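Here is how names work: the chains are called A, B, and so on, in the same order as the sequence lines, proteins then strands, and each is numbered from 1. This is a predicted model, so every value here is computed, not measured. Basis for what follows: all heavy atoms, side chains included, without hydrogens, waters or symmetry-related copies.
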2 protein chains.
Amino acid sequence: MYSVAVEDYLKSLWKLGPNNVGTKQLADNLRVSKASATKMILRLAEKELVDHIPYKGASLTKKGELEALSIVRKHRLLETFLSQTLGLGREEIHDEAEILEHALSKNLEMAIADYLGNPTRDPHGHPIPGPNGELYNETDLPLCDSPINMSLIVMQVPDDDPSILSWLENNGIHPGTILKIISRDKFDGGLNVKIGEVKKRISSSIASLVKISFEVEN
Amino acid sequence: MYSVAVEDYLKSLWKLGPNNVGTKQLADNLRVSKASATKMILRLAEKELVDHIPYKGASLTKKGELEALSIVRKHRLLETFLSQTLGLGREEIHDEAEILEHALSKNLEMAIADYLGNPTRDPHGHPIPGPNGELYNETDLPLCDSPINMSLIVMQVPDDDPSILSWLENNGIHPGTILKIISRDKFDGGLNVKIGEVKKRISSSIASLVKISFEVEN
DNA sequence: CACTTATATTAGCCATGGCTAACCATTGTA
DNA sequence: TACAATGGTTAGCCATGGCTAATATAAGTG
Ligand SMILES: [Mn+2]
Ligand SMILES: [Mn+2]
Ligand SMILES: [Mn+2]
Ligand SMILES: [Mn+2]
């Protein structure tokens, strides 16, 4: 239906939204020049996929949002499939899914969702939108803002930086990991945490990318 | 590496080759105009993927052939994967693979081949080239040219016409089917065959697309 | 050999989606 | 309030890969 470029723009707009997304922000996210982003925004507005207020920004229309969610669903289902079925590591799957998502028919999307038992989270813990764009409310909190001395369960890790993901993996931090914040460094915001009996230090930049919930969820 | 268009042109040139492939033949195969095919042939020659003799035709260079075989391998591995793992029917897989083949990294290709146990035939019985383009010699024969009253084993069915494939499937004809030609119609070349105890009639146009070998291969 | 037909190429148009360079708007700070 | 910095847009270029129409070549026929 839509080109690879259009689909990637919609996905970025969704990720950066829902408010007016600036041209520079969008261009940086897609590693494209500002001029290219402006041109594409005009084309997306033409197709009624975004509303554009010149010098203000662009935001997805309902139509654009549904299209974006469809790509996000494909992306996350593919990541889950690559991880569970083909055994790829959490740090390898994002880049593959970034390409494959544009080649997956609705039919195959359904077949994969079915094969996987309709998962609701991908291997990074990101929620997988439903077949019609349904997305439940996000309640996970950034680890960096979480209270000290409580049992926390890691719910989400970032998906697009293999080096951060490898570091997390090597330190036993992934969705499902249970940990406790021992102390928070007053200067740089770094965290001293305990995973099982092992103590680790997590920098504040990484801690802001990890999301948790409180244990005893069920 | 190469664009979707370039990859599809190389694949068609391989399928129609190995001799000089005419512009019209190529254009028809890809459902583009002759002008588009000419233009692309010139670009492929520029990239040293084909040799082009004006008004004679184009043929793949070694480099082009290896590239084509890589796409054919991806295509056939994907068909096998879609069939075996996701349970898609033999008539659905070709069109999906035609798109996915361009989105499959070398890494994923290897993971899938490994997962499937390095198959040598796809669900249509087509040989799957090796990771470096190795392709064993083809010994299967067209059913239409095969002798009467011998036990034949179906080795290959066509892959790109869902209606023919559905007909074959509904009549129990697919790779592995054992059959015997009872008689050949002198006028239209149609075949009367026996599959188990059941008699069927196969038109000559379909019989020319099905390939067999003689039973007792091992 | 001349002429028709099929095949092939060229010329020139278009949409897409990149780019740089130049210019315009908004905003925060002096 | 002026004006630099930042962000946004426009103009104009390019490659890719389609298209049609016009022209050129090759092959077969009388
Ligand atoms: Mn993508
Ligand atoms: Mn993910
Ligand atoms: Mn293809
Ligand atoms: Mn096949």
message: Please determine whether a side-chain nitrogen or oxygen atom of B:Ser36 lies at a distance below 4.0 Å from atom OP1 or OP2 of D:dC19.
response: yes

query: Are B:Glu169 and B:His174 close enough that a side-chain donor and a side-chain acceptor fall under 3.5 Å?
result: no

- prompt: Please give, in whole Å, the distance from D:dG7 P to A:Asn29 CG?
  reply: 15 Å

- prompt: Looking at B:Tyr9, does any N or O in its side chain come under 4.0 Å of the phosphate oxygens OP1/OP2 on D:dT16?
  reply: no

task: Round to a whole Å and report the spacing from CD1 of B:Ile53 to C1' of D:dT25.
output: 15 Å

- prompt: C:dT9 C1' sits how many Å from B:Asn20 CG, rounded?
  reply: 16 Å

- request: Return the value, rounded to whole Å, for the distance between atom CE of A:Met40 and atom P of D:dG8.
  value: 17 Å

field: Reference residue B:Arg201; test side chain to side chain contact (heavy atoms under 4.5 Å, CB included); the match among B:Asn171, B:Asp185, B:Val193
entry: B:Asp185

- request: Give a yes or no on whether the ring-centroid distance for A:Phe81 and B:Phe81 is below 6.0 angstrom.
  value: yes

- prompt: Taking only N and O in the side chain of B:Thr38, is any of them less than 4.0 Å away from OP1 or OP2 of C:dT9?
  reply: yes

- prompt: Looking for any heavy atom pair under 4.0 Å, which part of the strands does A:Ala5 touch: base, sugar-phosphate only, or nothing?
  reply: sugar-phosphate

statement: Per atom distances to the B:Arg43 side chain, the nearest of C:dA8, D:dG17, C:dA21 is D:dG17

query: Looking only at side-chain N and O atoms, does A:Ser33 come under 4.0 Å of OP1 or OP2 in C:dC19?
result: yes

query: Using a cut-off of less than 4.0 Å, is there contact between a side-chain N or O of B:His52 and OP1 or OP2 of C:dA8?
result: no

task: Please state how far atom CG in A:Asp8 lies from atom P in C:dG17, giving the value in whole angstrom units.
output: 11 Å

- prompt: Between B:Gln84 and B:Glu79, does any side-chain donor sit less than 3.5 Å from a side-chain acceptor?
  reply: no

field: Atom pair distance, as rounded to whole Å: NZ in B:Lys24 and P in D:dA26
entry: 19 Å

message: Using whole Å, what does the distance between atom P of nucleotide D:dT9 and atom NZ of A:Lys56 come to?
response: 12 Å

- prompt: Pick the nucleotide of DNA chain C nearest each of A:Lys39 and B:Tyr55; which residue has the one closer to the 5' end?
  reply: B:Tyr55

Touch class at under 4.0 angstrom, heavy-atom based, for B:Ala37 against every strand present: nothing

query: When you measure from the side chain of A:Val6, which nucleotide among C:dG18, D:dT9, C:dG17 comes out closest?
result: C:dG17

task: Determine, using ring centers only, whether A:His75 and A:His94 are less than 6.0 Å apart.
output: yes

- request: Determine the contact category for A:Tyr2: base if any of its heavy atoms lies under 4.0 Å from a base atom, sugar-phosphate if only primed atoms, P, OP1 or OP2 are that close, otherwise nothing.
  value: nothing

- request: Specify the separation, in whole Å, of atom NZ of A:Lys34 and atom C1' of D:dT6.
  value: 8 Å

